[in-house]
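Beneath this line is the structure, given in structure tokens, with notes to follow.
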Amino acid sequence: MPDPVQPPADGAPLPEGADVDSETERLRTATQTVAAGLKARAAVATGDAAAVLKATALMAGDRTLLKSATKLVASGTSAESAIWEAADAVATQLTALGGYMAERATDVLDVRARIVAELRGVPAPGIPDSEEPFVLCAVDLAPADTATLDPAKVLALVTSDGGPQSHTAIIARSLGLPAIVAATGTTALADGDLVFVDGITGTVTRDPGPAEEEIAASYANRAALPDFDGAGALADGRSVPLLANVGSGTDAVAAAEAGAEGVGLLRTEFCFLGRDKEPTHEEQVEAYRAVFDAFPGRKVVVRTLDAGADKPLPFLTDDTEPNPALGVRGYRTDGATPGVLARQLAAIAEAAENSRADVWTMAPMISTPAEAERFAGLCAAAGLRTPGVMVEVPSAAVLAGQILQRVDFASIGTNDLTQYTMAADRQLGALAELNDPWQPAVLHLIKATADGGRAAGGATSEGSATTGAKPVGVCGEAAADPALAVVLVGLGVATLSMNRRALPAVAAILRTVDLAEAQRLAGLALAAPSAAEAKELVRAELLELERFGL
């Protein structure tokens, strides 16, 4: 990555010939230009990338930030120095909050650099331009930059900061890029170095030798993955539906074309992020219907608004919480700001009523059976007949049997379940080893959730659309790992939902094992003393991984 924008001098005075009014207008114009540019990039992006870009654009036009900078201009400070100082104050406050809010500090500083570059009339910091494909090495990457990476030019991404579930890592995976975060020794790399990046082992080797050449040759000669035929199954014919995680109608169409058997996670935040006020009923209906229409006759699981923590909304969440990751987020916002959830459910119901999709609805951050029961009641009142919950909090996994007596299904969000189980911030590179879904403690909670689904099979909620065992799926990043997908099925998970790019690989490996073998491998992982050993033990048994270069 190029050198960052150099800071202006502290308290630099107004430029020669400028006055407060002209400098204030120059600042306002620069922030508007940056925000408009980010919004334009969001318009051509999809899924996670679009959501992150919209949120960053909102930050660029943040009234509080602009107001603080304008006050400094009024005291005689140049626009560059004013926005630099004002943004620094905001970033310091966010860092002090820790957790998810600390991660937002990076976005604030990225926006600051873009505004200063605009004021100076120089190119904004961003991805290097090169005719030759390259490995991009950086301390960290702003989400706005990661979202616009061109996989034809950027072959892999290596950062010394960040965590495995940071925005940067998630967006890179959605683009199909090998991404290694929290890498050590990156400062020793320089332009022109030949490097070998192994996204499977998470290693970067400078000046690769015969050993790396052998791995590269083996990978180059790997067997081609068969196209996914739209029917996930084990070797014994047992069905394991493979669904897609989507964030918009465009995402849904692409997922359907890739063969996804339905949608296991519709992130409804795409309709809310980047806005100062709640979207209208009509806007929500139109957005949801676009997704439903892509899967006629198929299941579409809608997650209600997961606002809070790293996805603050000015009309819904409190940005002064001392620990937002453990604060009012997801379903909990309905207690602090009643009405938004009910209105969203009404919009989902209307969109579903005029669609052929089989719509299921789940709430994020459910922690108790009482919360699950109340959400089921809200769904029933809206006319939605298949209520469910996200299992992201350890208490929900432990009490899965009781919770699933009150709703029809559960979907496990492994990203959050891992960070809450291991008490390790998912954005923090220093804790990347703990923040791994292969952690045996996390696998035990996944098994407990699936066991709860079987135990609750005899109890059905009012208007239930399911019979027998209550289905438990996984919609977190773990489902996209072919080896871990085998373990999840062995633990009792019924469906897997992932980025559409992962469908062929997961389908191919699932078809190499029967249920008994998947259960045996799950047992190995459960008994392992660490995430690394669990992964190593299971991968050693799945020989097809190497054949397909996985």
Carboxylate-amine/guanidinium proximity below 4.0 Å for Arg329 and Asp306: yes

Test item: side-chain donor near acceptor, Glu546 and Tyr219, under 3.5 Å: no

Closest heavy-atom pair and its distance - Ala479, Met498: O-CE, 3.6 Å

Residue Arg238 excluded, over 12 heavy atoms near CZ under 6.0 Å: no

Heavy-atom donor-acceptor pair, Arg298 side chain to Glu261 backbone, under 3.5 Å: yes

Qualifying residues under side-chain contact (heavy atoms from CB on, under 4.5 Å), relative to Ala527, sequence neighbours excluded: none

Ion pair Arg303/Glu269, N-O distance below 4.0 Å: yes

Donor-acceptor contact below 3.5 Å, side chain Asn435 vs main chain Ala424: yes

Minimum side-chain heavy-atom gap Ser530-Glu433 below 4.5 Å: no

Flag, side chain of Lys470 to backbone of Leu404, donor-acceptor distance under 3.5 Å: yes

For Glu371, salt bridge (Lys or Arg N to Asp or Glu O under 4.0 Å) partners two or more places apart: none

Side-chain donor or acceptor of Ser395 paired with backbone N/O of Ser367 under 3.5 Å: yes

Residues Glu544, Arg511: salt bridge by 4.0 Å N-O rule: no

Salt-bridge criterion met for Arg112 and Asp107 (N-O under 4.0 Å): no

Val263 vs Phe292 side-chain heavy atoms within contact, under 4.5 Å: no

Heavy-atom donor-acceptor pair, Thr421 side chain to Thr418 backbone, under 3.5 Å: no

Straight-line distance of Phe228 CZ to Leu242 CG, nearest 0.5 Å: 4.5 Å

Heavy-atom check, side chain of Met362 versus side chain of Val389, under 4.5 Å: no

Pair Asp436-Gln439, side-chain donor/acceptor within less than 3.5 Å: no

Heavy-atom side-chain proximity of Val197 to Val158 below 4.5 angstrom: yes

Backbone of Gly490 reached by a side-chain donor or acceptor of Gln519 within 3.5 Å: no

Side-chain donor or acceptor of Thr337 paired with backbone N/O of Asp334 under 3.5 Å: no

pair Val474-Ser497: side-chain heavy atoms closer than 4.5 Å: no

Thr449 side-chain N/O to Leu445 backbone N/O, donor-acceptor pair under 3.5 Å: yes

Residue pair Leu542, Leu521: steps toward the side-chain contact (heavy atoms from CB on, under 4.5 Å) verdict: CA-CA 9 Å; Leu542 296 170; Leu521 294 177; 3.8 Å; yes

Thr368 side chain reached by Leu399 side chain, heavy atoms, under 4.5 Å: no

Side chain proximity check, Val302 to Thr268, heavy atoms < 4.5 angstrom: yes

Any Val246 side-chain heavy atom under 4.5 Å of Arg267 side chain: no

Sidechain-backbone polar pair: Gln344 side chain, Leu305 backbone, donor-acceptor under 3.5 Å: yes

Pairs satisfying salt bridge (Lys or Arg N to Asp or Glu O under 4.0 Å), at least one member in residues 527-537, at least two apart: none

